Amino acid sequence: MSTAASSLSPGDSTLHEAAIPVLVVGAGLMGLGIAQVAAQAGHEVLLLDSREGAAALGLARLGTTLQALAAKGRLSQAAAAATLARLHPIAGLAEAAGVGLVVEAIVEDLAAKRELLRQLEAVVGDDCLLASNTSSISITALAAGLKRPGRVVGMHFFNPVPLMALVEVVSGLQTDPAAAAAVQALAQAWGKQAVHAKSTPGFIVNRIARPYYAEALALLLEQAAAPKVIDACLRGAGFRLGPCELMDLIGHDTNLAVTTSVWEANYHDPRYRPSPLQREMVDGGLLGRKSGRGFYRYPAGAPALPAPHFDAPAHALELTVHGSCAVAEWLEQQTARVLQPLGRRPARLYAGGWTGLEVARARLVLSDGRSAQDLAQALGLADIAVFDRPLALPCAPATPIAYAVAPGAHPAWRAQAPAWLAALGLAPLPVADSPGLIVARTVAMLVNEAADAVLQGVCSSAGADAAVKLGLNWPAGPFEWLARWGTAELRAVIAALDAHYRGERYRISPWLQRQTLQPRPAPA
Ligand code: NAI
């Protein structure tokens with residue numbers, strides 16, 4: 001192998017054009033995928049694993065996969081053959097002296113990775129970049145003690161590597177910006193979308209996703225709703241999987257380990273604290289799909305929700321839609337549809353300071369974070385119900401939506417509030433009267449976490465949006481939700497959670513505090 005190809009400087013962002021030889025260390029799940037995408041992009045790829053025969057065996061399996069892809073027409077026979085011809089198992093580091101990039105995907109252990117990097121320094125050329133696929137270890141810590149720490153960069157792929165478009169390119173304190181730029185350009189050349197991150201616990205995706213699980217676990221712990229209700233509501237908001245079924249898929253042991261490592265790395269910040277419920281499930285062997293039981297039993301999975309029947313709401317003499325946001329617009333359209341056969345239209349009030357329906361003196365209020373009980377007390381009204389935030393507007397028919405009625409409400413309003421939600425086309429699901437119900441609370445905390453990541457320079461807001469859409473398949477990014485929802489409204493939800501639970505967990509990100517509040521456009 002020519003050493004000339006590796007004489008590029010780490011700052012050369014045209015690294016990919018020279019198709020430099022690449023060494024992948026670790027022929028496991030991730031290493032094989034990384035070797036495949038590098039070889040498909042035209043690089044000669046050396047593969048090394050400490051387990052004897054593992055690299056050759058892995059490449060044989062990869063060969064079968066590539067042939068199967070070719071048979072299905074996803075890849076030409078020639079491309080499959082050329083890719084395979086570029087992949088070479090090697091028996092020791094000495095054979096890798098000429099590579100221009102190393103990607104390590106060995107066991108997730110700081111000491112093992114450090115030792116590997118130390119050995120690599122003695123073998124590869126000075127300009128060779130050293131990338132790590134670590135999902136949780138600090139890049140700063142990996143580079144410490146090396147002769148050239150500036151060339152160590154995180155190159156965090158997602159599983160399965162050939163299919164997942166995101167790569168987080170992670171800089172430690174000593175990473176040379178030019179080295180990070182070169183790795184970023186290389187990832188793009190491999191057909192990935194690279195997002196830059198500063199080395200902090202969880203990087204971007206694993207950090208911003210924490211509240212998706214944490215809020216569900218908090219709701220479960222206080223018995224506010226069943227797993228199938230939480231999952232239905234977040235699926236209804238556009239997430240592909242609800243948090244409970246997703247934790248079952250990931251495995252509660254893995255999810256607890258990641259949560260614990262982020263919590264410990266943040267000096268036990270209560271915001272990241274694992275739930276006793278997770279611990280209990282892991283201790284009991286209820287690991288999720290892989291053990292046959294987690295929140296659900298498998299293979300059955302989440303049971304279907306019963307479809308309760310609601311009578312049409314009673315004929316209302318006075319119906320007013322309150323609010324000026326997009327949800328209020330949608331409520332007006334829907335109530336107009338309901339009232340049309342009666343030859344009537346809803347009244348509309350823009351400036352009352354709340355969003356929802358007023359039916360005679362009773363109120364069906366879009367959650368502003370406060371519980372129905374708190375709202376009833378603040379307003380001095382008994383007939384209050386709150387409903388969760390419909391995230392994707394217009395709502396698809398029968399979108400599940402959580403609601404709660406104030407404890408002092410008249411039984412008639414207890415029945416009428418969900419009847420109105422059903423008449424609007426939603427599928428109302430009763431939950432305990434908890435602040436921010438399910439979707440509003442979860443999404444507010446996701447945005448808050450992303451805001452803190454931007455505050456700390458971990459990533460840009462555009463980077464955060466791209467990372468969660470590509471890495472987690474979320475329907476939108478946190479800053480896109482923020483733009484739609486409004487900073488004041490989102491902050492109100494977190495403030496209500498903070499007032500209700502007290503403590504450090506629901507503190508508003510200073511980034512959100514500093515946003516200038518945009519006045520809502522005056523209604524026409
Ligand atoms: P794996 O267990 O499937 O593969 C690791 C391979 O590395 C094994 O074949 C092992 O024999 C080999 N190995 C261990 N120590 C070695 C050494 N000193 N020298 C050479 N080979 C060595 O693990 P997996 O899942 O592929 O993970 C690898 C890395 O990728 C870890 O850092 C992990 O945190 C990270 N990662 C894993 C993801 C996943 O979904 N599994 C996602 C993103 C990153």
Side-chain angles (χ1 to χ4, degrees), residues 22-38 45-62 65 89-96 99 102-124 130-139 141-143 152-170 172 183 187 192 194-195 197 199 201-207 209 246-247 249-251 253-262 265 288-290 467 470-473:
V22 173
L23 167 66
V24 176
V25 190
L29 184 68
M30 297 302 287
L32 279 175
I34 295 166
Q36 181 189 335
V37 294
V45 180
L46 307 180
L47 189 61
L48 175 67
D49 197 287
S50 56
R51 267 185 304 130
E52 209 183 319
L57 192 70
L59 287 183
R61 276 209 314 264
L62 192 53
T65 309
I90 60 169
L93 280 184
E95 293 175 58
V99 298
V102 179
V103 187
E104 75 75 17
I106 68 165
V107 60
E108 185 75 344
D109 177 87
L110 174 63
K113 286 187 192 291
R114 266 190 175 155
E115 174 58 20
L116 172 67
L117 292 174
R118 198 188 57 75
Q119 290 175 13
L120 279 165
E121 269 207 319
V123 175
V124 298
L130 304 179
S132 171
N133 184 47
T134 179
S135 36
S136 64
I137 296 172
S138 150
I139 300 302
L142 281 180
V152 179
V153 184
M155 194 178 192
H156 185 214
F157 289 85
F158 289 73
N159 182 21
V161 179
L163 299 183
M164 296 298 285
L166 179 67
V167 175
E168 291 177 334
V169 173
V170 188
V183 169
K192 302 296 180 192
V195 176
S199 183
F203 307 142
I204 307 174
V205 164
N206 277 334
R207 173 187 179 156
L246 184 53
M247 282 186 268
L249 181 68
I250 294 168
D253 48 349
T254 306
N255 198 38
L256 176 62
V258 178
T259 312
T260 305
S261 92
V262 173
R289 273 178 189 269
K290 62 184 170 190
L470 294 167
L472 299 168
N473 288 320

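Order of listing sets the numbers, starting from 1, for every ligand and every atom in it. Everything numeric here is computed off the predicted structure, so don't read it as measured data.
In terms of protein heavy atoms, atom 43 (C) of ligand 1 is closest to Phe157 O, 3.3 Å. Nearest non-hydrogen protein atom to atom 4 (O) of ligand 1 is Gly28 CA, 3.2 Å. Counting protein heavy atoms only, atom 12 (C) of ligand 1 is closest to Asp49 OD2, 3.2 Å. The protein heavy atom nearest to atom 14 (C) of ligand 1 is Val107 N, 3.7 Å.
A 4.5 Å side-chain heavy-atom check between Val37 and Lys192 finds at least one atom pair inside the cut-off. Side-chain atoms of Lys290 and Thr254, non-hydrogen and from C-beta on, do get closer than 4.5 Å to each other. Counting heavy atoms from C-beta on, the side chains of Val102 and Leu116 never come closer than 4.5 Å. Put simply, the side chain of Leu47 reaches to within 4.5 Å of the side chain of Leu32, judged on heavy atoms. Side chains of Val45 and Ile34 form no contact here, defined as non-hydrogen atoms less than 4.5 Å apart. When side chains are defined from C-beta on, Asn133 counts as touching His156, because their heavy atoms get closer than 4.5 Å.
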Can Arg118 and Glu121 be said to form a salt bridge (charged side-chain N to carboxylate O under 4.0 Å, His left out), step by step?
CA-CA 5 Å; Arg118 198 188 57 75; Glu121 269 207 319; over 6 Å; no
Between Val167 and Met155, is the side-chain contact (heavy atoms from CB on, under 4.5 Å) condition met? List the steps.
CA-CA 6 Å; Val167 175; Met155 194 178 192; 3.9 Å; yes
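Interface atoms of ligand 1 facing Glu108, defined by a heavy-atom separation under 4.0 Å, are 31 (C), 32 (O), 33 (C), 34 (O). Close contacts of ligand 1 with Lys113, meaning ligand atoms under 4.0 Å from a residue heavy atom, involve 31 (C), 32 (O).
Atoms NZ and CD1, from Lys113 and Ile139 in turn, are 9.0 Å apart once rounded to the nearest 0.5 Å.
Across Gln119, Glu168, Met30, Glu52, heavy-atom proximity to atom 37 (C) of ligand 1 is greatest for Met30. When Asn206, Val103, Asn159 are ranked by how near their heavy atoms come to atom 40 (O) of ligand 1, first place goes to Asn159. In the candidate list Gly154, Ser50, Gly58, Ser132, Ser50 is nearest to atom 19 (N) of ligand 1, counting heavy atoms.
For Glu115, the closest heavy-atom approach to ligand 1 does not fall below 4.0 Å. Within the 4.0 Å heavy-atom cutoff, Asn133 counts among the residues contacting ligand 1. Using a 4.0 angstrom heavy-atom cutoff, Glu104 does not count as in contact with ligand 1. Under a 4.0 angstrom heavy-atom cut-off, Ala105 registers as being in contact with ligand 1.
The backbone N or O of Ser135 sits less than 3.5 Å from a side-chain atom of Glu108, completing a donor-acceptor pair. Glu168 places a side-chain N or O within donor-acceptor distance of the main-chain N or O of Val205, the cut-off being under 3.5 Å. A donor-acceptor pair under 3.5 Å links the side-chain atoms of Arg114 to the main chain of Ala141, judged by distance alone.
For ligand 1, one of its N or O atoms has an N or O atom of Leu29 under 3.5 Å away. Between Thr134 and ligand 1, no N or O atom pair is found at a separation short of 3.5 Å. Considering backbone and side-chain atoms together, His156 places no N or O closer than 3.5 Å to any N or O of ligand 1. Polar contact check, Ile106 against ligand 1: a nitrogen or oxygen pair lies under 3.5 Å apart.
Neither the backbone nor the side chain of Ile137 comes within 4.0 Å of ligand 1, counting heavy atoms alone. Using a 4.0 Å cut-off between heavy atoms, Phe158 makes no contact with ligand 1 at all.
In this structure, atom 23 (O) of ligand 1 is not in close contact with the protein, since no protein heavy atom lies within 4.0 Å of it.
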